[in-house]
Amino acid sequence: MRRCKGAESLGNKTKEVEVLGDDRFQVDVKPFVKWVGGKRGILSQIMNYFPKKFDAYYEPFIGGGAVFFELYSKGMLDDKKVVVSDINSELINCYTIVKNSPEDLIKSLENFKKNHSKEFYYEIRSWDRDENFMQINPIDRAARFIYLNKTCFNGLYRVNRKSQFNVPMGKYKNPNIVDTDTIHNASKALKNVTIKEQSFKEVVKEAKKGDFVYFDPPYYPLNDTSNFTSYNEFLFLEEAQEELYKIFCELDKKGCYIVHSNSNTKFIKKLYANYDMHIVNANRFINSKSNGRGKIDEVLIRNFK
């Protein structure tokens, strides 16, 4: 068991943790939006490194939710407390609407699909330029979020310094704007889940010994020119990564099981040098530049073996 200096990982002595085996299963629930760094394509790799038994589950950077939906499909979240969160208010609103009002959301999306065109896309994109944007019906805002995600260039989520969505329209012949089954399944999966708009720092206040916390933050840039963190107005560079490391250590001291995905860089590997690390191979499909897409190594960090 490796740990931060002074930490007592999972109690006073080393604890061997049973992890997932090689059994395969049919995924019943999938993300309802695309997300940069989404884990759907590497679930078969990373799930093998998750604890098989744990109490509550926390995912502070929920994003597209591929890991959460996979754990739910596997039955690993049955009868457990589950908390998912993010600081992206529109993403959290979308999750809340999917959970509570799937039928109303689908009706709104059908209207978006009916009116889809280049002119309509840029009209919808401009909504957040209006000072009364937050007064718009939350259901229509959630439909807008999904509509833009399904029709924008390469499925990116990117905003400018004014927090205004600024991705151009993509070139899709028939975008899947209304994915009824996916929304219904996601709504069912979220039924007993607590959804919060909050910083990752809040998880340390709630999580207890035996709980499982999965961190999938905006990745540390692979190089100085990387724009991987620019898809959100909240940059996640050295200071933020070091703050996350401190939270990781605090949760480790409390006896939580922690798994953290990040970029395979010297900075990240040095920061978590005292922890268990594994390299996983991913295919990055969402990037604004073609040379930023393709096979790439990521690092998976754990506080247990």
Requested in this report: Identify the heavy atoms of F32 and C94 that sit nearest to each other, and give their distance.
Outcome: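 That would be CE1-SG, 3.7 Å.
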Requested in this report: List the atom of S261, the atom of P217, and the distance in Å for their closest heavy-atom pair.
Outcome: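 What the structure gives for the nearest pair is O-CD, 3.4 Å.
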Report task. Could you walk me through whether I146 and I177 pass side chain to side chain contact (heavy atoms under 4.5 Å, CB included), step by step? Result -> CA-CA 7 Å; I146 294 176; I177 297 171; 5.8 Å; no
Please report the interatomic distance [atom1]([X]) to [atom2]([Y]), rounded to the nearest 0.5 Å.
X: Y121; Y: L148; atom1: OH; atom2: CG; value: 5.0 Å
X: D79; Y: L77; atom1: CG; atom2: CG; value: 10.5 Å
X: I62; Y: I195; atom1: CD1; atom2: CD1; value: 8.5 Å
X: D211; Y: D55; atom1: CG; atom2: CG; value: 5.5 Å
X: F50; Y: R302; atom1: CZ; atom2: CZ; value: 10.0 Å
X: Q45; Y: L300; atom1: CD; atom2: CG; value: 9.5 Å

Requested in this report: Answer yes or no: is there an ion pair linking K39 with D216, defined by an N-O contact shorter than 4.0 Å?
Outcome: yes
Query raised in the report: Are the charged groups of E250 and K205 less than 4.0 angstrom apart, N to O?
Result: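 No, E250 and K205 are not salt-bridged.
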Side-chain touch [X]/[Y], heavy atoms, less than 4.5 angstrom:
X: M47; Y: E70; value: yes
X: V83; Y: E206; value: yes
X: F267; Y: L237; value: no

Would you be so kind as to tabulate the donor-acceptor pairs closer than 3.5 Å made by side chains of residues 168-175, with sequence neighbours excluded?
| from | atom 1 | to | atom 2 | distance (Å) |
| --- | --- | --- | --- | --- |
| Y172 | OH | C152 | O | 3.2 |
| Y172 | OH | N154 | N | 3.1 |

Report summary line: Applying salt bridge (Lys or Arg N to Asp or Glu O under 4.0 Å) to E243 and not counting sequence neighbours gives K201
Report task. Return the set of residues passing salt bridge (Lys or Arg N to Asp or Glu O under 4.0 Å) with E197 (not counting sequence neighbours), or none when no residue passes. Result -> none
**Report entry** Geometric cation-pi criterion K113 and Y147, 6.0 Å radius, 45° cone
**Finding:** no
**Report entry** R125 charged N/C atom sitting above Y122 aromatic ring, 6.0 Å / 45°
**Finding:**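 Judged by the rule (NZ or CZ under 6.0 Å from the ring centre, within 45° of its axis), R125 is not positioned above Y122.
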Query raised in the report: In terms of ring plane angle, is the pair F215 and F248 parallel, tilted or perpendicular, where the classes change at 30° and 60°?
Result: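 Tilted: the ring planes of F215 and F248 meet at 30° to 60°.
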Requested in this report: Anything under 30° is parallel, anything over 60° is perpendicular, the rest tilted; go ahead and classify Y95 against F69.
Outcome: parallel
Requested in this report: Check step by step if side-chain hydrogen bond (donor to acceptor under 3.5 Å, both in side chains) holds for Y272 and H260.
Outcome: CA-CA 10 Å; Y272 291 88; H260 173 194; 3.2 Å; yes
**Report entry** Summary of salt bridge (Lys or Arg N to Asp or Glu O under 4.0 Å) pairs that have at least one residue in residues 257-273, sequence neighbours excluded
**Finding:**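 As it turns out, there is no salt bridge (Lys or Arg N to Asp or Glu O under 4.0 Å) pair with a partner in residues 257-273 once direct neighbours are skipped.
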Query - salt bridge (Lys or Arg N to Asp or Glu O under 4.0 Å) contacts in which one or both residues fall within residues 135-150, not counting sequence neighbours - result: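 Listed by first then second residue: E90-R141, D128-R144.
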Requested in this report: Please step through side-chain hydrogen bond (donor to acceptor under 3.5 Å, both in side chains) for the pair N115 and N111, ending with a clear verdict.
Outcome: CA-CA 6 Å; N115 291 283; N111 184 57; 3.2 Å; yes
Requested in this report: Could you go through the side-chain hydrogen bond (donor to acceptor under 3.5 Å, both in side chains) check for N303 and D276 one step at a time?
Outcome: CA-CA 6 Å; N303 71 325; D276 187 56; over 6 Å; no
Report summary line: Residue set satisfying side chain to side chain donor-acceptor pair (under 3.5 Å) with K107, at least two apart, ordered chain then number -> none
Report task. Assess whether side chain to side chain contact (heavy atoms under 4.5 Å, CB included) is satisfied between F145 and Y157, documenting all intermediate values. Result -> CA-CA 9 Å; F145 189 93; Y157 180 85; 3.6 Å; yes
Query raised in the report: Is the closest side-chain donor-acceptor distance between E103 and H184 under 3.5 Å?
Result: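 On atom types as modelled, these side chains qualify, holding a pair under 3.5 Å.
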